[in-house]
Amino acid sequence: MADPVSQETWSASVLTLFPEMFPGSLGFSLAGKALEEGRWSLETINIRDFGQGKHAQVDDTPSGGGAGMVLKADVLGDAIDAASPAEDARPRLYLSPRGAPLTQERVRQLAEGPGVVLLCGRFEGIDERVIEGRNLEEVSLGDFVLSGGEPAALALLDAVIRLLPGVMGAEASGEDESFEGGLLEYPHYTRPGTWEGKEIPAVLTSGDHGKVAAWRREQSERLTKERRPDLWQKMHKEGRTTD
Ligand code: SAH
């Protein structure tokens, strides 16, 4: 395993009760190849290893009552300190439905940094005191509730890793994707020219690069207006739209 705070390799440390879930999907395709090539490194820390007593207890009932269990502050504090000592420059993120929704902008910032420390919650979540006590940034995947932070951690890492230098085959393919320019991406087509009576838009086979670019821009704007008026408004305010 590579040094988790190495300057050269972008490194992820994941604190989880289910280390077997990693690298999971990140062991395949672009991310898997990049992991093999040493373009990023992954360390999992089993929270259970910091559990207390004969049963390695990691959780307890919620103070004030109610259903479920809460991951203990003392256990998590020890696990975080082991994974990420005070001098670790990597941001520490807690995957949480209460967090700031993850954006491509934050993903890009993370890719430009030294790596990330991710805490995956389970059950009802974690003791609130850990968030401040260990300077955790809460990040959400969206307005829905997962049963654990692991799928969110995998998704976040997937989004970051594809942006690391040398990971994507054609470097350019990262640039005009959804969100990168503030808009959703235009539609894609490939051969056959006719499929079940549906044609590829003629402009795309015209060979006129200027017209193709204009059509794509138009489509991006149309889709963004229709599907994501929130994004559209933001772009408009920033003066980044054509109308
Ligand atoms: N009781 C909590 C939900 C706990 S879900 C609440 O209502 O806010 C259990 C764990 O799943 C959380 O600790 C968190 O790590 C993870 N999780 C659930 N939904 C998530 C989301 N939308 N984004 C990121 N992580 C999420």
Side-chain angles (χ1 to χ4, degrees), residues 4 10-26 31 40 42-52 55-84 88 90-111 113 115-163 178-179 227-228 230-231:
W10 193 91
S11 73
S13 296
V14 181
L15 295 114
T16 170
L17 282 171
F18 299 96
E20 310 79 17
M21 290 187 183
F22 296 85
S25 57
L26 302 174
W40 67 288
L42 174 69
E43 175 195 41
T44 53
I45 293 94
N46 192 343
I47 296 168
R48 183 73 58 190
D49 292 344
F50 300 85
Q52 297 160 345
H55 301 292
Q57 187 185 352
V58 295
D59 55 351
D60 210 335
T61 54
S63 304
M69 298 297 271
V70 176
L71 287 169
K72 287 160 59 62
D74 44 0
V75 171
L76 291 177
D78 288 349
I80 294 167
D81 292 344
S84 176
D88 188 354
R90 297 173 301 169
R92 301 185 187 126
L93 273 50
Y94 167 47
L95 286 318
S96 155
R98 292 188 332 194
L102 185 63
T103 60
Q104 189 64 17
E105 194 184 346
R106 186 73 186 106
V107 165
R108 193 166 278 285
Q109 284 169 359
L110 290 171
V116 73
V117 179
L118 297 175
L119 172 61
C120 303
R122 278 272 151 184
F123 320 123
E124 284 311 308
I126 70 174
D127 187 306
E128 187 73 17
R129 294 169 291 181
V130 182
I131 296 172
E132 209 193 310
R134 288 298 179 276
N135 197 18
L136 303 182
E137 171 189 340
E138 289 184 80
V139 173
S140 170
L141 219 58
D143 292 342
F144 47 84
V145 182
L146 298 166
S147 57
E150 290 80 5
L154 289 168
L156 182 148
L157 289 174
D158 183 295
V160 172
I161 290 158
R162 61 192 285 285
L163 298 183
S178 289
F179 310 117
R227 298 184 183 181
R228 292 294 302 275
D230 56 322
L231 279 183

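These numbers come from the heavy atoms of this one structure, side chains and all, not from hydrogens, waters or symmetry mates. Numbering starts at 1 and runs along the sequence shown. Counting starts at 1 for both ligands and their atoms, following the listed order.
Environment of CD in Glu132: sparse, with no more than 12 heavy atoms of neighbouring residues, nucleotides or ligands closer than 6.0 Å. By the neighbour-count criterion of 12 heavy atoms within 6.0 Å, atom CG of Asp230 is densely surrounded, having more than that number from other residues, nucleotides or ligands.
For Thr103, the side-chain contact (heavy atoms from CB on, under 4.5 Å) partners are Glu105, Arg106, not counting sequence neighbours.
The only member of Ile131, Val139, Leu118 that meets side-chain contact (heavy atoms from CB on, under 4.5 Å) when paired with Tyr94 is Ile131.
Within the 4.5 Å cutoff, the side chain of Ile80 has heavy atoms near those of the Val130 side chain.
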Less than 3.5 Å apart, N/O on ligand 1 and N/O on the protein: could you list those pairs with the distances?
unit_1: ligand 1; atom_1: 1 (N); unit_2: Glu124; atom_2: O; d: 2.9
unit_1: ligand 1; atom_1: 1 (N); unit_2: Glu124; atom_2: OE1; d: 3.4
unit_1: ligand 1; atom_1: 11 (O); unit_2: Gly148; atom_2: N; d: 3.4
unit_1: ligand 1; atom_1: 11 (O); unit_2: Gly149; atom_2: N; d: 3.4
unit_1: ligand 1; atom_1: 13 (O); unit_2: Tyr94; atom_2: OH; d: 2.7
unit_1: ligand 1; atom_1: 15 (O); unit_2: Leu95; atom_2: O; d: 2.6
unit_1: ligand 1; atom_1: 15 (O); unit_2: Gly121; atom_2: N; d: 2.9
unit_1: ligand 1; atom_1: 19 (N); unit_2: Leu146; atom_2: N; d: 2.9
unit_1: ligand 1; atom_1: 22 (N); unit_2: Gly142; atom_2: O; d: 3.1
unit_1: ligand 1; atom_1: 22 (N); unit_2: Phe144; atom_2: O; d: 2.8
unit_1: ligand 1; atom_1: 23 (N); unit_2: Leu141; atom_2: N; d: 3.0
unit_1: ligand 1; atom_1: 25 (N); unit_2: Ser96; atom_2: N; d: 3.3

| task | List the steps and the verdict of side-chain hydrogen bond (donor to acceptor under 3.5 Å, both in side chains) for Arg90 and Ser11. | result | CA-CA 9 Å; Arg90 297 173 301 169; Ser11 73; 3.1 Å; yes
